[in-house]
Each structure stands twice: as structure tokens, then as C-alpha cells.
Amino acid sequence: QVQLVESGGGLVQVGGSLTLACVGSGLALSSYSMGWFRQAPGKEREFVATMGRLDALTYSADSVKDRFFISRDNARNTVYLQMNNLKPEDTAVYYCAAGRTTIPTMTPTDYAYWGQGTQVTVSS
């Protein structure tokens, strides 16, 4: 059974940092492009960051550029999202996803598998 499980969310103050982890089971994440998305209350799910299979290319949304960084550890079958200088507008449920493309992709329909999400709340 294919499963992605996120962890690492929580409550943090403005300016703080969190690292989210996404562990895969039933699939080797090294064979997939990976992405992080988020959804705030009352808003649509939005792209946060993505990396291709070969890890050389990563892209982040303008709203998180230079603050959030995606990476992976193939030995642990885990993808991470390092989040720095958090702002109240970063409050959302964060989802990881595994896609079948080789290159990074911001398109949700390119992703075949999704985790259940982890809540991040930034207090001011």
C-alpha cells in the first residue's frame, strides 16, 4: 500500500522555523518528483515547493522563496521542507505529494500520491 505521511507541523511564533518531513512507504521517493502544497482555511490548495527526480532542480513559490527549502534523503525515503522566518500567512495544512514527472512541477494533477497533511500555525 502506497502511503505518504507528513510530520513536523505545530505552533510556532512569527520568525520561527519548522522542518516538515514526508516519509514514503510502498514507493521509493527517489523515483518521483516531489512537491509540497498548502491549504489555508477558506482558500484553495496552493503550490509551495517542488524538486525533480534528480534533485538538481528545485522551485519555490514566490511567497516562500528564500525562506522555504525542499530536500530529500533517499536513504530514509523522506522529503523535507525547511521553513524559516515563518509569517502568519504561512498558516495552513501542508501536504506532500509524489509525482510521475522527471522535472519539478507545480501542477497538482501531475502528482499521483498525496499525504494526509500536517497543520502549521504561525502566531503573531
Side-chain angles (χ1 to χ4, degrees):
Q1 180 181 359
V2 172
Q3 196 172 14
L4 298 175
V5 178
E6 302 97 335
S7 63
L11 176 64
V12 63
Q13 291 187 331
V14 169
S17 298
L18 282 175
T19 299
L20 306 183
C22 172
V23 179
S25 60
L27 77 170
L29 298 187
S30 58
S31 298
Y32 294 81
S33 56
M34 297 299 300
W36 286 93
F37 293 79
R38 67 186 182 185
Q39 187 167 18
K43 295 187 177 181
E44 295 187 351
R45 188 172 299 190
E46 66 173 356
F47 163 75
V48 175
T50 178
M51 66 189 313
R53 287 186 197 174
L54 301 179
D55 300 350
L57 292 176
T58 64
Y59 293 108
S60 302
D62 289 342
S63 59
V64 305
K65 197 173 295 292
D66 298 328
R67 297 190 299 124
F68 290 14
F69 302 95
I70 186 172
S71 63
R72 71 166 94 213
D73 183 339
N74 291 333
R76 297 180 183 272
N77 208 31
T78 301
V79 173
Y80 301 95
L81 184 68
Q82 174 67 42
M83 306 187 295
N84 302 319
N85 190 22
L86 283 159
K87 303 176 180 180
E89 52 264 41
D90 295 320
T91 295
V93 177
Y94 283 72
Y95 301 88
C96 73
R100 295 195 176 99
T101 62
T102 298
I103 59 175
T105 175
M106 300 181 287
T107 306
T109 53
D110 286 337
Y111 289 89
Y113 304 106
W114 292 80
Q116 83 292 345
T118 185
Q119 176 71 47
V120 172
T121 303
V122 184
S123 64
S124 56

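Treat the numbers as computed from the prediction; the structure is a model and nothing was measured. Values reported hereafter were calculated over all heavy atoms of this structure, with side chains retained and with hydrogens, waters and symmetry mates removed.
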Less than 3.5 Å apart, any donor N or O on the side chain of S123 or Q13 sitting next to an acceptor on the other?
no
Honestly curious: do I70 and V120 fall in one hydrophobic cluster under the side-chain, below-4.5 Å linking rule?
yes
Please determine whether residues Y94 and V122 belong to a single hydrophobic cluster, defined as Ile, Leu, Val, Met, Phe, Trp and Tyr linked transitively by side-chain heavy-atom distances below 4.5 Å.
yes
CD/Q119 to OG1/T91 distance, rounded to the nearest 0.5 angstrom?
7.5 Å
Nearest heavy-atom contact between P104 and G52 is CG-N, 3.4 Å
Would a 4.5 Å heavy-atom cut-off, applied to side chains only, mark D90 and M83 as touching?
no
Return yes when atom CG of L27 has more than 12 non-hydrogen atoms of other residues, nucleotides or ligands closer than 6.0 Å, and no otherwise.
yes
Does V64 share a hydrophobic cluster with V14, counting links as ILVMFWY side-chain heavy atoms below 4.5 Å and allowing steps through other members?
yes
Rounded to the nearest 0.5 angstrom, the OG1-CG distance for T121 and L18 is 9.5 Å
Taking the side chain as every heavy atom from C-beta outward, state whether L29 and T78 have any atom pair closer than 4.5 Å.
no
Honestly curious: do F37 and M106 fall in one hydrophobic cluster under the side-chain, below-4.5 Å linking rule?
yes
Is the closest side-chain heavy-atom distance between P108 and E44 below 4.5 Å?
no
hydrophobic_cluster_shared for M34 and I103, side chain cutoff 4.5 Å
no
Any idea which heavy atoms bring T101 and T105 closest together, and the distance?
OG1-CG2, 3.5 Å
If you take the centroid of each ring, where Trp contributes its six-membered ring, are F68 and W36 closer together than 6.0 Å?
no
Do we see a donor-acceptor contact under 3.5 Å between the side chains of N74 and S30?
no
Please determine whether the number of non-hydrogen atoms from other residues, nucleotides or ligands lying under 6.0 Å from atom OH of Y59 exceeds 12.
no
Closest non-hydrogen atom pair, S33 against R100
OG-N, 4.1 Å
Do you know which two heavy atoms are closest between N84 and S17, and how far apart they sit?
OD1-OG, 3.2 Å
So do V79 and C96 actually touch side chain to side chain, heavy atoms under 4.5 Å?
no
Look at the rings of Y95 and W114 and say which category their plane angle falls in: under 30° parallel, 30 to 60° tilted, over 60° perpendicular.
perpendicular
Over all atoms of both residues, closest heavy-atom pair of Y111 and T107
CD1-O, 3.3 Å
Can you tell me if E6 uses its side chain to pair, donor with acceptor, with the backbone of Q116 under 3.5 Å?
yes
Quick check: closest heavy atoms across L81 and V48, and the distance to 0.1 Å?
CD2-CG1, 4.1 Å
To the nearest 0.5 Å, tell me how far R38 CZ sits from R45 CZ.
13.0 Å
